[in-house]
Amino acid sequence: MRVDLYAALKKYFGFSSFREGQEEVIRDVLQGKDVLGILPTGTGKSLCYQLPSKVMGGTTLVISPLISLMVDQVKQLKSSGFQSVTALNSFMDKEEKQKVMNRLHAFSLVYISPEMLQNQRLQQRLQHMNIKLFVIDEAHCISQWGHEFRTDYLKLDQTIDLLKNPPVLALSATATPEVQQDIMNKLRRPHMKKRIYPMDKQNISLAVEEHLSPEEKTERIIEVLTKNQAPTMIYFSSRQWAEKVSFELRDRLKQRVAFYHGGMEQTDRMLVQQQFMNNQLDVICCTSAFGMGLDKKDIRIVIHFHLPPQLESFIQEIGRAGRDGEDAVSLLLFTRQDHHLPQRLIQSELPEKKDLNRIFSFLQKEREVPEDEDIMERFQLSESQWNFVKFKLEEEGMIRGRWHQKVPSAIQQKIEQSLENRWVYKQNKLTEMMKWIYETDCRRTSLYKPFQEVIRKPHVPCCDACDFKLDELSFCEDYKEYKKSSWEERLSLIFSQGVLL
DNA sequence: CGTCTCTATCCTTGAAGAACGTTCATGCAGCCCGAGT
């Protein structure tokens, strides 16, 4: 198929040139290749499937991890003139869903969650459609969330088969070679065309500091944010701490501070995010719930109050700073005890060997698989722990719906082995993170080395091991600009962004 | 000495009620039946 890509780009999107990587990915996709695209945030990953979808016709299916991401995308596309776009999700009422389902073939872009994709009715519907392209947005979720947390991410390969193997495009902003391989393995597409672009941020200075206690960390944050006033994110691994520190900061800083985590009401979450976007809040104390799909360009400071469980998470989180290309800073604060928290999180995520054995012998006796809640209650398992076991049993064909078999010892051993591997993997990831915080050589080099061969020279002071001194830093954002604007301007800003629900 | 933890989606298999499109499978015990000794 010969297409004038530039004409199409101009016609449908109004741009006259591509950003780095877009054209290469699109050409591969149009040639029907399976593509793994790792493009840095802000390069417009969505264009990589939106343009092909226009050119190829038929339907492009986009797997997306968050309803809010899907809704944003659909809203944005519709406002720029793309009509045949939809997002199937649980927020739709029955009627609307039925309506969309009946004319699903008429949509050129369909956004959907991996969970909903497992719906049998939907699968049957999709089987008889002309699916031209299967896109996985935020594809690192396959590797990062698929194994325990959202195991439906590991079932995508089966669905792709069911759809008679359309070309697959997996997109992400951060993936180590290891994660890239895992994505390809889990999709059972070992020969994807790799389009990998550097992800080291040349405008972020890195600093790590050891402290003696959480209180000392808090004092340090107050010190830094008193001197530097600019949009700031502070990452926590605990909801409680996020709230606690946000109250403390609210009392003692000039800046407007709020917290954000997954335990909050949807409406509160949206409110906080919108306020932060509109510069009505300066500092957000958040857990990892905040960030994916966040498109604020002028975040200047990202602070880590706790240790992320792996370097990938850390890189993703600091990558939210300085998307406008201007100078930004990452500061990680740790104490000698801090590895306990990620350690406990790993434990709560994976079952133990004895849990496995108890489940196996239970299935030996029982006829039916109980409801998820019942089995979790019975064996005192977290959702992730049961998800892990359940998926492994399904993968081996031991469970299908309500039915199950007695698990032969060979398969028991196989599952035990994969559990063991997973423990080792997670443990190693944490160790890698720990090693990095005690690193004495250049932090930039050691941080990005696992991701890419060549690390580019930063445009800003590099890191605290090189030439960066946090105490000499002085961000002083000018908030006047916003405060001056009239209520009409502010209102139109709010309307143009739109709100979910 | 005791502390004590993150991330999201979906309610899918219905069965007597209007609007194209589609249609399928699991494990196992126990029973019946017919063939071979």
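Lettering of chains follows the sequences in order, A, B, ..., and the numbering in each one begins at 1.
- Each of dA8(B), dC6(B), dG14(B) was ranked by its minimum atom distance to the side chain of Arg121(A); first place goes to dG14(B).
- The residue Pro308(A) sits apart from the nucleic acid: no heavy atom pair falls under 4.0 Å.
- Regarding Trp403(A), its CH2 atom lies at a distance of 10 Å from the P atom of dC28(B), rounded to whole Å.
- With distances taken from any side-chain atom of His261(A) to the nucleotides dT7(B), dC10(B), dT5(B), the minimum falls on dT7(B).
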(request) Go through the steps for Gln144(A) and Glu138(A) under the test side chain to side chain donor-acceptor pair (under 3.5 Å), then give the verdict. (result) CA-CA 10 Å; Gln144(A) 212 163 299; Glu138(A) 308 287 351; over 6 Å; no
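- Two residues, Arg239(A) and Arg400(A), neighbour DNA chain B, and the one matched to the more 5' nucleotide by heavy-atom proximity is Arg239(A).
- Here the side chain of Ser238(A) is nearest to one of dT5(B), dT7(B), dG27(B), namely dT5(B).
- For Glu115(A), the side-chain atoms get nearest to dA8(B) when compared with the rest of dG14(B), dT7(B), dA8(B).
- Between Leu122(A) atom CG and dC24(B) atom P the separation is 18 Å, expressed in whole Å.
- To the nearest angstrom, P of dT7(B) lies 11 Å from CE of Met292(A).
- Close to dC10(B), at under 4.0 Å from its OP1 or OP2, lies a side-chain N or O of Ser90(A).
- Side-chain atoms of Arg269(A) never come within 3.5 Å of backbone atoms of Met264(A) as a donor-acceptor pair (strictly under, hydrogens ignored).
- Below 30°, between 30° and 60°, or above 60°: for Trp436(A) and Phe314(A) the angle between ring planes is between 30° and 60°, a tilted geometry.
- Side chains of Thr431(A) and Asn428(A): a donor-acceptor N/O pair is absent below 3.5 angstrom, by distance only.
- For Gln124(A), whose side chain is taken as the heavy atoms from C-beta onward, the closest listed nucleotide among dT22(B), dG21(B), dC10(B) is dT22(B).
- A syn orientation is assigned to dT12(B), its glycosidic angle lying within 90° of 0.
- For the pair Gln120(A) and dT12(B), the criterion of a side-chain N or O lying under 4.0 Å from OP1 or OP2 is not met.
- Note: CD (Gln127(A)) to P (dG21(B)) measures 16 Å, nearest angstrom.
- Within 90° of 0 lies the glycosidic angle of dC20(B), which makes this nucleotide syn.
- Residue-level contact check: Lys97(A) touches the backbone only, with heavy atoms under 4.0 Å from sugar-phosphate atoms and none from bases.
- The closest side-chain donor-acceptor pair between Ser172(A) and His140(A) falls under 3.5 angstrom.
- Ile399(A) comes within contact range of no nucleotide atom at all, as no heavy-atom separation falls under 4.0 Å.
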(message) As a quick check of understanding, evaluate ring pair (Phe, Tyr, Trp, His ring centres under 6.0 Å) for Phe259(A) and Phe247(A), giving each step before the final call.
(response) CA-CA 9 Å; Phe259(A) 61 83; Phe247(A) 293 135; 5.7 Å; yes
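- In this structure, the nucleotide among dG21(B), dC28(B), dC6(B) sitting nearest to the side chain of Asn102(A) is dG21(B).
- Taking the O4'-C1'-N9-C4 or O4'-C1'-N1-C2 dihedral as appropriate, dC31(B) has a value more than 90° from 0 and is therefore anti.
- Taking atom P on both nucleotides, dG21(B) is separated from dG17(B) by 16 Å, rounded to a whole Å.
- Here the C1' atom of nucleotide dC6(B) and the CD atom of Gln385(A) are 14 Å apart, to the nearest Å.
- The neighbour count for Glu377(A) CD, taken as heavy atoms of other residues, nucleotides or ligands under 6.0 Å away, does not exceed 12.
- Within 3.5 Å, a donor on the side chain of Glu383(A) pairs with an acceptor on the base of dA8(B), or the reverse.
- Looking at heavy-atom distances under 4.0 Å, His340(A) makes no contact with the nucleic acid at all.
- Taking the ring centre of Tyr153(A) as origin, the terminal cationic atom of Lys186(A) falls outside the region bounded by 6.0 Å and 45° from the ring axis.
- Each of Gln118(A) and Leu104(A) was matched to the nucleotide of DNA chain B holding its nearest heavy atom; the match closer to the 5' end belongs to Gln118(A).
- Less than 4.0 Å separates DNA chain B from at least one heavy atom of each of the following residues of residues 133-152 of chain A: Trp145(A), Phe149(A), Arg150(A).
- Using a 4.0 Å cut-off between charged nitrogen and carboxylate oxygen, Asp72(A) and Lys75(A) do not count as a salt-bridge pair.
- The side chain of Ser113(A) lies closest to dT9(B) when the candidates are dT7(B), dG21(B), dT9(B).
- For the pair Gln98(A) CD and dG21(B) C1', the interatomic distance rounds to 12 Å; values are reported in whole Å.
- The separation of dT22(B) from dG14(B), taken at their C1' atoms, amounts to 15 Å, rounded to a whole angstrom.
- Checked against dT9(B), dT5(B), dG27(B), the side chain of Leu66(A) finds its nearest nucleotide in dT9(B).
- For dG17(B), the base is anti relative to its sugar; the glycosidic angle deviates from 0 by more than 90°.
- By the 30° and 60° cut-offs, the orientation of the rings of His306(A) relative to Phe236(A) is perpendicular.
- At the heavy-atom level, Leu341(A) lies under 4.0 Å from the strands shown only through sugar-phosphate atoms.
- Within 4.0 Å (heavy atoms only), Ser348(A) reaches at least one base atom of the nucleic acid.
- Within the 4.0 angstrom heavy-atom criterion, only backbone atoms of the sugar-phosphate kind lie near Gly262(A); the bases stay farther away.
- We find that CZ of Phe236(A) is positioned 13 Å from P of dT7(B), with the value rounded to whole Å.
- Counting non-hydrogen atoms under 4.0 angstrom, Glu349(A) reaches a base of the nucleic acid.
- For Phe379(A) and Trp386(A), the ring centers are positioned 6.0 Å apart or more.
- Across all strands shown, Ser382(A) has no heavy atoms under 4.0 Å from either base or sugar-phosphate atoms.
- Within 4.0 Å (heavy atoms only), Gln343(A) reaches no atom of the nucleic acid at all.
- Nucleotides dT12(B) and dC24(B), compared at atom C1', are 15 Å apart to the nearest Å.
- When each of dT9(B), dG27(B), dA8(B) is scored by its nearest atom to the side-chain atoms of Ile67(A), the top-ranked nucleotide is dT9(B).
- Residue contacts for His105(A): at a heavy-atom cut-off of 4.0 Å it reaches a base atom on one of the strands shown.
- Per the geometry, NE2 belonging to His339(A) stands 15 Å off C1' belonging to dT5(B), to the nearest Å.
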